Number of protein chains: 2
Amino acid sequence: MPDILDDAERLCAQNGVRLTPLRRRVLELVAGSKAPVKAYDLLSRIDQSNANAKPPTVYRALDFLMEAGLVHRVEALNAFIACPQAGHGHAAMLYVCEDCANVTEVQGARPGQDNKPDGFAVKRSVIEHYGKCIDCR
Amino acid sequence: MPDILDDAERLCAQNGVRLTPLRRRVLELVAGSKAPVKAYDLLSRIDQSNANAKPPTVYRALDFLMEAGLVHRVEALNAFIACPQAGHGHAAMLYVCEDCANVTEVQGARPGQDNKPDGFAVKRSVIEHYGKCIDCR
DNA sequence: GTTATGGATGTAATAACATAACAAAATGAA
DNA sequence: TTCATTTTGTTATGTTATTACATCCATAAC
């Protein structure tokens with residue numbers, strides 16, 4: 001977990017963007033959760049360090065972190081996870097266990113570019129698999 | 001479009017479920033839209049035929065239609081599309097043009113089951129590609 | 001060191017999306 | 001018909017996310 005935050009500092013410095021205390025705090029909360037975290041959960045937890053936090057506070061920090069490749073949004077859950085391999089482009093594929101909520105991220109998968117519609121230029125992909133992990137079977 | 005509705009009637013009859021006028025009307029609205037439709041848009045359009053429609057009216061119909069394999073939810077858009085190949089299991093992969101909002105559905109793709117985590121049993125998958133279709137380039 | 005500038009955060013309000021819980025009505029089987 | 005089940009009506013509320021504008025803060029130009 002310090003790893004993730006250190007990596008994040010490094011990455012942001014490299015890219016000339018600012019990992020402010022607030023953003024760092026949100027990343028810390030996301031990274032500290034095994035399961036995907038909801039924005040309003042972040043909001044209530046952040047509140048302890050920042051009494052002024054409101055929804056935009058959290059959503060802005062999340063937008064920044066996603067932009068920076070540090071956090072992913074889990075679309076079908078309206079929730080967020082820390083990217084374990086920060087900065088690795090964005091071909092991430094997620095395996096979400098519906099029992100324990102644990103998420104495994106697999107990098108680099110290039111799914112079915114084969115039978116894609118003629119001339120379609122893919123900009124970003126959402127690939128989320130839901131089921132049961134080995135431990136929950 | 002009559003095709004989709006006819007197919008739906010047939011499928012529901014086969015499966016012993018009821019495509020009521022309300023559900024049929026919602027399917028008709030979804031199928032009648034080239035772009036993915038929002039639930040509240042459906043609500044406001046359905047209103048003309050059913051003044052009593054409320055959010056649960058629409059969400060229940062959509063749940064039914066999804067269960068029946070007639071409609072898909074587009075997770076990253078909070079929107080819905082009619083399934084062009086109703087009843088075909090659910091390995092659907094979507095290509096969504098961010099310019100014209102058109103959606104192409106590709107069946108059967110089995111993306112990257114290769115490098116999936118050991119012992120993970122996939123129950124359902126969300127696969128959505130966002131970008132530009134050939135016409136919008 | 002002051003001051004412009006842009007980026008970041010504070011703040012209030014509200015928009016957009018979705019469900020819970022219970023009542024009433026419609027359908028179909030016994 | 002009566003009963004059980006499914007469907008729809010209805011009210012209320014919960015959850016997720018954004019808009020719009022104000023204020024603050026860091027930095028670099030002067």
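Each chain gets a letter, A, B and so on, in the order its sequence line appears, and its residues count up from 1. Everything quoted here is computed from the prediction, not taken from an experiment.
No side-chain heavy atom of A:Leu65 sits less than 4.5 Å from a side-chain heavy atom of A:Phe80. In this structure, B:Val71 and B:Ile81 have side chains that are not in contact, with every pair of non-hydrogen atoms separated by 4.5 Å or more.
Remark: A:Lys123 does not engage B:Glu128 in a salt bridge, criterion side-chain N to carboxylate O under 4.0 Å. For the pair A:Arg124 and A:Glu75, the salt-bridge criterion is met [side-chain N within less than 4.0 Å of a carboxylate O]. A:Arg10 has a carboxylate O that lies under 4.0 Å from a charged side-chain N of A:Asp7, or vice versa, which qualifies the two as a salt bridge.
Dashed line: the shortest gap from a side-chain N or O of B:Asn50 to OP1 or OP2 of D:dG9 is under 4.0 Å.
Across all their heavy atoms, A:Cys100 and A:Lys34 have their closest contact at O-NZ, 3.7 Å.
The backbone N or O of B:Leu77 lies less than 3.5 Å from a partner atom in the side chain of B:Lys38, making a donor-acceptor pair. At distances below 3.5 Å, not a single donor-acceptor pair connects side-chain atoms of B:Ser125 with backbone N or O atoms of B:Ile127.
Between the C1' atom of D:dT8 and the CZ atom of B:Arg25 lies a distance of 17 Å, rounded to the nearest Å. Separating the CZ atom of A:Phe64 from the P atom of C:dA8 is a distance of 7 Å, rounded to the nearest angstrom. Taking atom CG of A:Leu65 as the reference point, atom P of C:dA8 lies 12 Å away to the nearest angstrom. Whole-Å rounding puts the B:Arg24 CZ to D:dT7 C1' distance at 18 Å. For the pair A:Asn52 CG and C:dA8 C1', the interatomic distance rounds to 14 Å; values are reported in whole Å.
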Notebook entry, point to check: Reading nucleotides 13-24 of chain D from the 5' end, what letters show protein touch, with B for base, S for backbone sugar-phosphate only, - for no heavy atom under 4.0 Å?
Noted result: ---BBBBB----

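Against DNA chain C, the stretch residues 14-23 of chain A makes heavy-atom approaches under 4.0 Å through A:Arg18, A:Thr20, A:Leu22, A:Arg23.
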